[in-house]
Amino acid sequence: MLGLMQDWPLLVHKILDHAALYHANREVVTRTVEGPIHHTTYGEMAPRARRVAHALERRGIKLGDRVATLAWNSYRHMETWYGITGIGAVYHTLNPRLFPDQIVYIANHANDRALFFDTTFTDLVVQIAPKLKNVEFYVALCDREHLPKADLPNLIAYEDFIADADPAFAWKDFDENTACGLCYTSGTTGNPKGVLYSHRSNVLHAMMVAQADAHGLSNKDSVLAVVPMFHANAWALAFEAPMVGAKIVFPGPKFDGASIYELLDTEKVTMTAAVPTVWLMLLQYLEENNLKLPNLNSVLIGGSACPRSMIETFEKKYGVEVIHAWGMTEMSPLGTLGTMKHDIVDLPYEQKLDYKCKQGHAPFGVEMKIVDAEDRELPRDGKAFGRLKVRGPAIAKGYMGGDGKDAFDSEGWFDTGDVATLDPRGYMTITDRAKDVIKSGGEWISSIEIENLAVGHPAVAEAAVIGVVHPKWDERPLLVVVLKEGKTASKDDLLNYLSGKIAKWWMPDDVAFVDELPHTATGKIQKSALREKFGSYRLPTAAE
Ligand code: ADP
């Protein structure tokens, strides 16, 4: 017997309709590529998104077609997303930080039919355009005045593209399981793989993460979406904010401390979200200029582990709550969020901090388990660690074109490639990525834990720990460090600092000082490149 409730498909563009109807005056603020700060509202945005939909349809874009964007976070980028999804086409975010050849591979693999781009990337687009086999037209996200003089087929300025399109254009009707968005993983191993979100998964994911004990975004918030829309859906913010009617602020192309601070201040931002490297820049800027963050209530930090020292600085010095989050492109992307549960919230701060350093607990809609090498489930005791597997309505069940089948098992679990513990309260802790774990004498050493401690040293700007070949132990940890400008520290200083904070056999065998660490296109330390660089490194302990 079926229920007698309405079949109201969960379609992404309904979110914008909702915002336009019930939160019409709520602002959308953008630092534009041209420089000035632009202000609009959900009420003004919705008809412009419908114009995009109409303009795309007139160009022959139809249900299931992929339309690429190569763009910073902005109101035009957001309108483009909603316009694309409103006709059942698929927005495909390209990450401009990838190598041009990788972008070409991804755009061709996805069969992108059109490309919307910020003028910042004009040279890049001109360079790759001859290799983009299926792109029929290019839309520069600007007005006619700023249209670059570029040799691109069928190039048009965004404002001209939508100028005479219908602001009352009717969204198309289709099933909620229709593909909606596409984002490729950065492909640290092998070729990038496409994660294909559906309307249903995007809507459910936004509802899941907006909950009070997850992100807790509300209509009263002003949220600065620093995390790029090309990095796993901007962690749902472009859906979540209009869903609850929060003001949304976009940083455009500028992520430096001064620019981020300016928006936090002038737009009275209460919540924000980004990877730890962005916050390192902001914290440094605040310290140098003796500034405070009076409006900001919370900051969502994820993408890589958030160091304890960063959580402490935000919370103790600036009174800003840190929500540590974990997720991945395949999970839409949020999997766990580290808000404090009822039996932790009143603990002494140091004990609470232990929980804040964990990656958090799962909202409804994310199932997690850890397994051993034989795929047997391990206990949720906070000690046993194994490969983390996940299941849920906003988690991938396969990759575009059938790539990467090994990650999915017959019971519908997706293998995250992360190694983790689960504790009895439901908090998950990532100990490593399976491929980064250091295998010493048959035991595993968590590179993440050592890194997080090392960046707590006052002279350390960034740190990475990798396994280096050792004749007796297989691998031993090497700590690779970038020092803060003008600061000094010796190998012994750093090892003394770590001593007593981690098990003796986890202590790095050596410390290497470098000017900078390699980063991936999503701002993470690229361990594979580091391992290559130190491939023939001889540890001082190797002769023992
Ligand atoms: P990529 O950067 O490889 O394209 P994602 O952005 O999807 O992929 O990254 C997902 C991975 O990032 C996770 O599997 C995990 O290893 C790592 N990660 C994300 N958040 C955290 C966190 N809070 N702590 C530790 N690792 C994290």
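Predicted, not measured: the structure shown is a model, and the values here were computed from it. Whatever order the structure lists them in is the order used to number ligands and atoms, beginning at 1.
- Residues satisfying the side chain to side chain contact (heavy atoms under 4.5 Å, CB included) test with V104, not counting sequence neighbours, are N108, I128, K131, L132.
- Within 6.0 Å of the CE atom in M310, the count of heavy atoms belonging to other residues, nucleotides or ligands exceeds 12.
- A salt bridge is absent between K352 and E315: the closest approach of a Lys/Arg side-chain nitrogen to an acidic carboxylate oxygen does not fall below 4.0 angstrom.
- Within the 4.5 Å cutoff, side-chain heavy atoms of T277 are placed close to those of E462.
- Near A305, the atoms of ligand 1 lying under 4.0 angstrom from a non-hydrogen atom of the residue are 22 (C), 24 (N), 25 (C), 26 (N).
- At a 4.0 Å heavy-atom cut-off, ligand 1 touches D418 through the side chain alone.
- Counting the atoms of ligand 1 from 1 in the order shown, those under 4.0 Å from a heavy atom of H231 are 6 (O).
- Those atoms of ligand 1 with a heavy atom of G327 less than 4.0 angstrom away are 10 (C), 11 (C), 13 (C), 19 (C), 20 (N).
- Distances between N or O atoms of G302 and those of ligand 1 include no value under 3.5 Å.
- Between Y184 and H92, the distance separating the two ring centers is shorter than 6.0 angstrom.
- In this structure, G417 falls outside the shell of residues with a heavy atom less than 4.0 angstrom from ligand 1.
- Within the listing of ligand 1, atoms 1 (P), 2 (O) sit less than 4.0 angstrom from a heavy atom of T522.
- When the heavy-atom distances from atom 10 (C) of ligand 1 to E330, R433, K435 are ranked, the shortest goes to R433.
- Under a cut-off of 6.0 angstrom, the local environment of CD in E367 is crowded, with over 12 non-hydrogen atoms contributed by other residues, nucleotides or ligands.
- Using a 4.0 Å heavy-atom cutoff, A325 is listed among the residues neighbouring ligand 1.
- Closest to atom 6 (O) of ligand 1 by heavy atom, among K524, M328, Q526, Q359, is K524.
- Of the possible polar contacts, one joining the T270 side chain to the S222 backbone as a donor-acceptor pair under 3.5 Å is found.
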- Residues R308, E350; criterion salt bridge (Lys or Arg N to Asp or Glu O under 4.0 Å); working and verdict: CA-CA 10 Å; R308 193 179 183 98; E350 284 304 312; 3.5 Å; yes
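- Side-chain contact between H215 and M271: present, with at least one pair of heavy atoms (C-beta onward) separated by less than 4.5 Å.
- Not a single heavy atom of M331 sits less than 4.0 Å from an atom of ligand 1.
- By the 4.0 Å heavy-atom criterion, T520 is excluded from the residues contacting ligand 1.
- The shortest heavy-atom distance from A232 to ligand 1 is not under 4.0 Å.
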